[in-house]
K.L.:
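Sending over a structure as C-alpha cells; questions will come in a sec.
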Amino acid sequence: MGEPILQVDNLKVSFRMHGGEVQSVRGVSFAVNKGETLAIVGESGCGKSVTAQTIMRLIPMPPGRIKEGSIVFDGKLDVVKLSDKQMERIRGSEMGMIFQDPMTSLNPTMTIGSQIAEGLRKHQRMSASQAEARAVELLKLVGIANPQGRVRQYPHELSGGMRQRVMIAIALACSPKLLIADEPTTALDVTIQAQIIALMKELQQRTDAAIILITHDLGVVADMAQRVVVMYAGKVAEQGSLEDIFYRARHPYTWGLLRSVPRLDSMRKEDLAPIPGTPPDLYAPPAGCAFAARCPHAMNVCIDHDPLHFHIGPGHTAACWLNHADAPQVEAPVFAAHVQGGATAGSRGPVDDKEAMARG
Ligand code: SF4
C-alpha cells in the first residue's frame with residue numbers, strides 16, 4: 001500500500017434546491033496514493049463529479065454544502081476546513097484540474113500563453129518573460145507543435161484535442177501533487193481520446209503526480225487506472241484494484257456496468273446490456289440499498305438496511321448484502337471480454353452485521 005496524498009472520509013455533500021435538499025454525496029470514503037491513478041466511475045448523477053469538485057472546493061456554496069466528513073490533502077491539510085484564500089493558494093499549485101470541455105474552461109479572450117503563465121506568475125512568482133518561456137516548454141511537453149507560435153494564439157484558433165492539451169499544460173504548470181481529470185476525453189473523438197490518454201500516462205510517469213480520473217468510460221479506466229471506486233447514488237458501491245473490479249467484482253451494480261461495456265471482439269447489439277431502470281431520487285434516497293429497485297438479486301434485507309462495506313480482499317470492499325456469510329450463493333457473472341474466473345458472491349465471512357441480515 002502506498003502513502004496517501006489524499007484521504008477522503010465520510011464525505012457528505014448536498015444541494016439546497018427548490019424541491020428540497022439533494023443528497024449528492026452520502027458518506028464517501030477513499031484514499032489516493034502518491035503517484036497512482038484512481039478512477040471514480042458510475043452513471044451520470046452518481047456523485048462522482050460533485051466529489052471531485054468538492055475536493056477542489058469548486059462547488060458553489062450555497063446552494064452546495066459540505067455537511068460532514070474530511071478531505072485530508074498531503075497528510076496535513078483538511079480541505080473542508082481551509083479558508084477560500086488558503087484554498088486558492090493550493091488550487092492550481094498543489095492540485096490541478098482538467099475539465100471535460102476545454103472550450104468552456106479556457107478564457108476565450110486571453111492567449112494560450114497568458115493562460116498558462118497566469119498560474120506560474122501567481123503561484124511561483126515568475127516574471128512575465130520567465131512565465132512565457134515556461135509556457136512554451138509546457139506546450140512542447142504536451143505535444144503541441146510550434147509552441148512559440150501557439151502561445152500567442154487564442155483558444156478558438158486551436159482544435160478540440162489541442163485545447164485539451166493546453167488544459168493539461170495549465171493543470172501541470174506548477175507541478176501539482178494531485179491532478180483531477182473530470183471526463184477529460186469525453187468531448188473528443190476516439191483517435192484524439194487515445195492520444196490524450198497516452199499523454200496523461202506519459203506525463204504522470206514523468207511528474208509522479210497522483211491522478212483522480214472521473215469517467216463513465218470503463219475502457220479509459222482499463223487504460224489508465226490502478227485502482228477504481230465505483231459510485232452509485234452518492235455512495236461507494238465497490239472499490240478495489242483494477243483487477244478486483246474487472247475480474248473479481250462482488251457488487252451487482254459493478255457487474256451491470258461491466259455488462260454494458262461494448263466488447264471489442266463483438267459488434268452484436270445483444271452483447272450490450274445497459275442496466276435497466278434509473279437511479280433513485282436523491283431528494284429522498286431509499287433507506288436500504290439504493291440499487292435494490294434495479295438489482296436482480298435484491299433480498300428483503302436490501303430494502304430496509306443499507307449494506308455494509310464488506311471486506312473482500314486487501315483494499316477491496318463491496319457494499320452488498322450478497323457478501324454476507326448468510327446470503328444465498330450467487331455466481332458472479334463471467335465477462336468474456338473483461339472478467340474471467342468470477343468468484344462466488346456470498347462465500348466470504350461476515351463483517352459486523354449478522355443481526356441486520358437476520359432482521360431482513
Ligand atoms: Fe442487490 Fe441487495 Fe446487493 Fe443491493 S445489497 S446490490 S439490492 S443484492
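As the structure lists them, so they are numbered: ligands from 1, and atoms in each ligand from 1. Values below: every heavy atom of this structure, side chains too, minus hydrogens, waters and symmetry copies.
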K.L.:
Flag the pair Glu88 and Lys85 as a salt bridge only when some basic side-chain nitrogen lies within less than 4.0 angstrom of an acidic carboxylate oxygen.
P.N.:
no
K.L.:
Fit a plane to each ring of Tyr232 and Tyr253, take the angle between them on a 0 to 90° scale, and name the class: parallel (under 30°), tilted (30 to 60°) or perpendicular (over 60°).
P.N.:
tilted
K.L.:
Below the 2.8 Å mark, what number of protein N, O or S atoms do you get around atom 4 (Fe) of ligand 1?
P.N.:
1
K.L.:
Under the 3.5 angstrom rule, does the side chain of Arg152 hit a backbone N or O of Thr111 as a donor-acceptor pair?
P.N.:
no
K.L.:
Which residues satisfy the side-chain hydrogen bond (donor to acceptor under 3.5 Å, both in side chains) test with Glu238, sequence neighbours excluded?
P.N.:
Thr254, His316
K.L.:
Anything under 30° is parallel, anything over 60° is perpendicular, the rest tilted; go ahead and classify His251 against Phe291.
P.N.:
tilted
K.L.:
So which atom in Asn10 and which in Gly27 form the shortest heavy-atom distance, rounded to 0.1 Å?
P.N.:
OD1-CA, 3.3 Å
